A.B. asks: 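My structure is below; once you've seen it, I'll send some questions.
This structure is a prediction, so every number in the text was calculated from the model and none was measured.
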Amino acid sequence: MNIRGMEDADDEELQMAFRMSLQAAPEAKRSKPGDNALPVASPPHTPSVETAEARERRLQRELRAAAAEQRRIVPKNILASSSKNLVKNSAEEPEGSSVSRPQADQGSSDFLRKPSSSGPGSCSLSKNIASVVDKYHGLGQQAMKGDCGEKVARPKRRVEEERHQLPYQMAEQLYNMVFGTRVYKDVLAQWCNQGLSSDSETSLGLVQRKGGPCGVLAPIQATLLKYLLFVPKDEGDSVIPDYTGPSLVQGVSSHNAEVSTTKLSDAGLMFSDYQRTRALIRAMGEILWRAGGKQKAVVAALNINGFDFNHSEQQDEIIEKGLQGVNLDSVAEFQHVIRITTVFSLPALHHQLENLLHGFRSRLGALLFLFSALLSRGLDAVQSDRDDLGQPLVTLPFGHASQEIVNLLLCGQAVPNVFDEIMNLGSGMCLKGIPMNVEVGFLTLLEYLHFCKVGQFLKCPRWPIWVVGSESHYSVLFALDTSIQDENQLETREACIRRAFDAQDQSGGGGFISLEALQQLLIEMKIDLSQEMLDRICNSDIVIWNDLWQALLQLDKSRGGLKDNDAPMGKRSFQLYHFNGIAKTVVNSSYVEGELSHQRPQLTTLRVTVPPKWTPDFILTSEVGVAQSGPEKNPVAKEEPAQQAPLVDCIRTRWQRAICNWSGDAPSIV
C-alpha cells in the first residue's frame with residue numbers, strides 16, 4: 001500500500017545517492033577499461049551497461065571497501081547498533097535472522113559481508129548499510145538520527161574515554177613548562193627515576209629514592225592516607241572491586257616488627273598490598289578529577305610496544321626494557337614516549353589508573369602523574385593560575401617541585417601562594433591563593449620563619465592530614481583522631497577575627513594592617529577596646545597581629561574579646577604521626593659490623609599537648625601541678641620535658657605553644 005510505496009521510494013533515493021557518491025571518486029582498479037563510470041548527468045539506472053548480477057557484485061565490492069575504510073574511525077558497536085535499527089525497519093528481513101541479530105563475536109566486516117540471497121531485500125539492506133557508512137563519514141562523532149527519527153546514542157566507550165598521541169606542540173609546551181628551556185641532566189635524572197612504589201616495611205607510604213619529586217609524592221601520600229584511614233570504602237567506588245579479605249587494620253608480621261621508630265601494630269597502621277593499591281588508585285583519581293574541574297581527567301601513559309591494558313606479570317619487564325636509554329632530554333623523545341587518554345567519568349578514571357598502574361610504578365611514574373595533573377587542569381589554565389611564567393615548575397638548580405605543583409595536587413589549581421583566596425594589592429594587581437576548603441592540608445617551616453602566611457583553608461582541612469614543607473623537602477603529618485581539629489567557642493571566635501585581620505592585611509602575609517583597617521576590623525567584629533588598649537597597640541602607623549591578639553586575650557568575651565573565666569583551662573593532648581618518605585639509612589638493633597644496613601622511610605609518633613591560646617602561662621603552671629597530683633593520670637597528657645625539632649616549629653604554626661615529645665630519633669623534615 002502507501003507504506004510499501006514510501007519504502008520503495010526511500011530505497012530508490014538511497015540507491016541513487018550511493019551510486020552518485022561512487023561516481024564522484026571512481027577507482028580504476030575496480031572497473032574494466034571499457035566500463036568507465038557514467039557521467040554525472042547520466043540517469044541513475046543504466047541496465048544496458050551491466051547486468052543486475054554484475055551490478056550487485058560491484059556494489060558488494062564497493063561496500064566492503066567502504067566498510068574497511070570506516071572500521072578505522074567508526075567503533076564497531078556504533079555501526080552494529082545503527083545497522084540493527086535499520087535492519088529492524090526493513091520489511092524484507094526476518095527479525096530472527098543472523099543479519100539483523102549479529103553475534104557479539106562477529107566483526108563489522110563479517111556483518112557487512114553477510115547479506116541474504118540476491119533479491120530486493122538484499123539490495124535494500126546493502127543500500128541502507130552504505131547510507132549508514134556515508135552518514136558516519138560525514139558526521140564523525142556527532143549524534144545522528146535513525147530512520148525512525150530517534151536519536152542514536154553515542155557509544156559508552158567514546159563517551160568514557162578518548163585516547164591519542166600527545167601532539168608535538170602540546171608536548172613542547174608541557175615540557176618547557178615543567179623543566180624550562182634549559183634542562184639540567186641531574187634534575188632529569190632525579191625526576192626520571194621515581195615511581196609510585198610503596199614500602200613493604202612501613203606498609204602505608206610511598207618511598208622516595210632521590211630528591212626532587214617529593215612535591216608530587218607527598219600530596220599523593222597525604223590523599224592515600226585519607227583513603228586508608230578515614231574513607232576505606234565509598235559508594236562512588238564502583239570500578240575497583242570490593243575488598244573481601246581481613247579487616248582494614250591488620251596485625252604485623254614478624255619480619256616487620258622493628259620498622260622505623262614507631263611500632264605500627266600499636267598504632268594500627270599495617271595494611272595489605274591490596275589495601276594500599278586500592279587507596280593509591282582512589283587517591284590518584286581524586287587528585288586528577290579535581291584538577292579537571294570534576295568534568296574530565298587526562299591520564300598520561302607510556303607509549304611502549306607491548307604495554308597495554310592488562311595485568312600481566314610481564315608488564316614490568318616490558319616497561320623496563322622499553323625505557324632503556326630513555327632520559328627525556330628532548331621534546332621529541334618526550335613526545336614519542338607519552339600518549340594520553342582523556343576520560344569523562346570517575347569510574348572510567350579509576351579503571352584507567354588500575355590498568356596503567358604498572359606504568360605509574362615504573363621509574364617515570366611520578367613524572368607521568370605530574371603530566372597527568374597538568375593536562376587535566378589544562379596548560380592554558382595552569383599558566384593563568386601562575387604569577388611568574390618565566391620560571392619552570394621544577395625549580396633550578398636542585399630540581400625541587402614548586403609550590404604551584406603542590407597546590408595543584410592539593411586544591412586543583414596551580415596557584416603560587418598559600419594564603420586564602422585572592423589578595424588585592426591595588427592598581428589592578430592581585431595575588432592568587434587557595435580558592436576553597438581542601439581535603440588534606442599544608443603546613444610549612446617557612447611560615448615559622450616569617451616568609452609566608454598559610455591560610456585557614458590549608459591549616460584546617462577536612463581530614464587531619466597535612467603535607468609539611470621545609471626549605472628543600474615535603475613530608476606528611478597526620479592524626480588518627482579527627483577531633484583534634486575541633487575548636488571551642490573562643491577558638492572559633494579567634495579564627496573569625498584572624499580571617500578578618502588577614503582580609504585587611506595588604507602586606508602579602510606580613511601580619512600587620514593599617515590603623516584605618518583596624519577601625520574597620522573592630523566595627524566588623526564588634527570589638528570594644530578601651531582607649532588605653534588602643535593607645536598601646538597603635539603606637540605606630542601599623543598594627544601587628546600579635547599585639548592585637550595579646551589585647552584580645554585580656555578583653556572579656558562580652559566585649560568581643562577572648563577572655564573567659566568560665567572556660568576549661570586544661571591542656572589538649574593528642575598524638576600525631578610524621579611520615580618522611582625519603583629512604584634513609586637505618587641500622588637495626590641486631591646490626592653486626594659488615595652487614596648491610598636498611599634504607600627505608602621514617603615514621604615517628606609525636607605526643608602533643610596544646611594549652612588554650614587565651615590561658616596565661618602562670619595559670620597553666622599551677623594547673624599542671626594539680627593535674628599531676630590528682631588521681632586520674634593520662635599517660636598521653638603526662639608532663640614531659642619539651643623536645644625541639646624543625647617539625648615542632650611547623651606544628652606550632654597550627655597549634656600555638658604546642659609541646660611535642662617522641663621516642664627514638666627526632667623526626668626529620670629534610
Side-chain angles (χ1 to χ4, degrees), residues 195-200 202-208 216-250 264 267-292 294 297 299 343 345-357 360-361 365-366 369 372-373 376 406 408-412 437-442 458 461-468 474-485 576-579 581 601 603:
L196 303 184
S197 58
S198 57
D199 177 45
S200 60
T202 54
S203 173
L204 60 87
L206 303 175
V207 183
Q208 181 182 348
V216 173
L217 297 182
I220 299 175
Q221 174 69 68
T223 313
L224 184 153
L225 286 171
K226 163 192 167 180
Y227 284 103
L228 280 178
L229 301 175
F230 303 110
V231 193
K233 182 178 179 180
D234 62 8
E235 296 179 356
D237 187 18
S238 58
V239 173
I240 308 173
D242 290 334
Y243 183 64
T244 57
S247 61
L248 180 66
V249 179
Q250 303 182 45
L264 300 180
L269 296 176
M270 289 302 297
F271 303 97
S272 68
D273 182 65
Y274 175 87
Q275 291 170 306
R276 293 196 305 267
T277 301
R278 189 170 184 270
L280 176 61
I281 292 172
R282 297 166 75 191
M284 295 167 64
E286 176 184 314
I287 294 172
L288 296 182
W289 191 244
R290 180 170 54 238
K294 299 185 178 180
V299 182
V343 295
S345 71
L346 189 56
L349 177 58
H350 286 160
H351 182 69
Q352 283 290 324
L353 294 173
E354 185 178 15
N355 288 330
L356 296 172
L357 201 55
F360 285 107
R361 284 178 170 168
F369 188 79
S372 300
S376 296
V406 177
L408 173 64
L409 304 186
L410 291 179
C411 74
N437 291 306
V438 294
E439 295 290 299
V440 297
F442 180 77
L458 289 177
R462 180 181 181 186
W463 305 103
I465 307 171
W466 295 266
V467 173
V468 176
Y474 294 99
S475 52
V476 178
L477 183 73
F478 65 97
L480 304 182
D481 184 6
T482 59
S483 66
I484 69 168
Q485 296 206 98
L576 293 175
Y577 298 87
H578 179 253
F579 180 81
L603 179 67

A.B. asks: Would you say Leu229 and Phe271 make side-chain contact, with heavy atoms under 4.5 Å?
C.D. replies: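 A side-chain contact under 4.5 Å exists here.
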
A.B. asks: Which heavy atom in Pro601 sits nearest to a heavy atom in Gly581, and how many Å separate them?
C.D. replies: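 Residues Pro601 and Gly581, closest heavy atoms: CG-O, 3.7 Å.
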
A.B. asks: Which heavy atom in Pro219 sits nearest to a heavy atom in Leu409, and how many Å separate them?
C.D. replies: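 Heavy atoms only, the tightest pair is CB-CB, 3.7 Å.
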
A.B. asks: Report the distance from atom CG of Leu224 to atom CG of Leu217, rounding to the nearest 0.5 Å.
C.D. replies: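 Nearest 0.5 Å value for the CG-CG distance: 11.0 Å.
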
A.B. asks: Could you tell me the separation between the CG atom of Leu349 and the CZ atom of Arg282, rounded to the nearest 0.5 Å?
C.D. replies: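 Between atom CG of Leu349 and atom CZ of Arg282 there are 13.0 Å.
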
A.B. asks: Grab the two heavy atoms, one from Gly285 and one from Leu346, that are nearest each other, plus how far apart they are.
C.D. replies: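 So the minimum-distance heavy-atom pair works out to O-CD1, 4.1 Å.
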
A.B. asks: Looking at CD of Gln275 and CG of Leu280, how far apart are the two atoms once the value is rounded to the nearest 0.5 Å?
C.D. replies: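 That separation rounds to 13.5 Å.
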
A.B. asks: Any chance you could measure Leu576, atom CG, to Leu477, atom CG, to the nearest 0.5 Å?
C.D. replies: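 Those atoms lie 5.0 Å apart.
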
A.B. asks: Does the side chain to side chain contact (heavy atoms under 4.5 Å, CB included) test come out yes or no for Phe360 and Val299, once each step is laid out?
C.D. replies: CA-CA 10 Å; Phe360 285 107; Val299 182; 3.9 Å; yes

A.B. asks: Do Ser376 and Arg290 have side-chain heavy atoms sitting under 4.5 Å apart?
C.D. replies: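 No, side chains not in contact.
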
A.B. asks: For Trp463, give me all partners under ring-ring contact (aromatic ring centres under 6.0 Å, His included), at least two apart in sequence or on another chain.
C.D. replies: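 Listed in chain order: Phe230.
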
A.B. asks: Would you check, one step at a time, whether the test side chain to side chain contact (heavy atoms under 4.5 Å, CB included) holds for Trp466 with Leu458?
C.D. replies: CA-CA 8 Å; Trp466 295 266; Leu458 289 177; over 6 Å; no

A.B. asks: Holding to ring-ring contact (aromatic ring centres under 6.0 Å, His included), I want the full list of residues that pass it with Phe478, two or more places apart in sequence or in another chain.
C.D. replies: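 In terms of ring-ring contact (aromatic ring centres under 6.0 Å, His included), with neighbours along the sequence ignored, Phe478 is linked to Tyr577.
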
A.B. asks: Quick one: list whatever passes side chain to side chain donor-acceptor pair (under 3.5 Å) with Asn437, sequence neighbours left out.
C.D. replies: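 For Asn437 there are no side chain to side chain donor-acceptor pair (under 3.5 Å) partners, ignoring immediate neighbours.
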
A.B. asks: Please find the pair of heavy atoms, one from Ile484 and one from Pro464, that lie closest to each other, and give the distance.
C.D. replies: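 Looking at all heavy atoms of both residues, the closest pair is CD1-CB, 4.0 Å.
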
A.B. asks: Going by heavy atoms in the side chains, are Asp273 and Arg276 under 4.5 Å from each other?
C.D. replies: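 Heavy-atom side-chain distance check passes, below 4.5 Å.
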
A.B. asks: So how far is it from Ser475 OG to Leu603 CG, rounded to the nearest 0.5 Å?
C.D. replies: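 The distance works out to 11.5 Å.
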
A.B. asks: Apply side chain to side chain contact (heavy atoms under 4.5 Å, CB included) to Val440 and Leu225, showing your working.
C.D. replies: CA-CA 10 Å; Val440 297; Leu225 286 171; over 6 Å; no

A.B. asks: Would you mind listing every salt bridge (Lys or Arg N to Asp or Glu O under 4.0 Å) that reaches into residues 221-231, with sequence neighbours excluded?
C.D. replies: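 Salt bridge (Lys or Arg N to Asp or Glu O under 4.0 Å) check on residues 221-231 returns Lys226-Glu286, Lys226-Glu439.
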
A.B. asks: Taking atom CD1 of Ile220 and atom CG of Leu196, what is their separation to the nearest 0.5 Å?
C.D. replies: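 Nearest 0.5 Å value for the CD1-CG distance: 4.5 Å.
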
A.B. asks: For a quick test of reading the model, state the closest non-hydrogen atom pair linking Tyr227 to Ala279 and the distance between them.
C.D. replies: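 That closest heavy-atom pairing would be CB-CB, 3.9 Å.
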
A.B. asks: Just to verify, what does Ala218 make a side chain to side chain contact (heavy atoms under 4.5 Å, CB included) with, not counting sequence neighbours?
C.D. replies: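 Testing Ala218 for side chain to side chain contact (heavy atoms under 4.5 Å, CB included), a comparison that skips the adjacent residues, returns Val467, Tyr474, Val476.
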
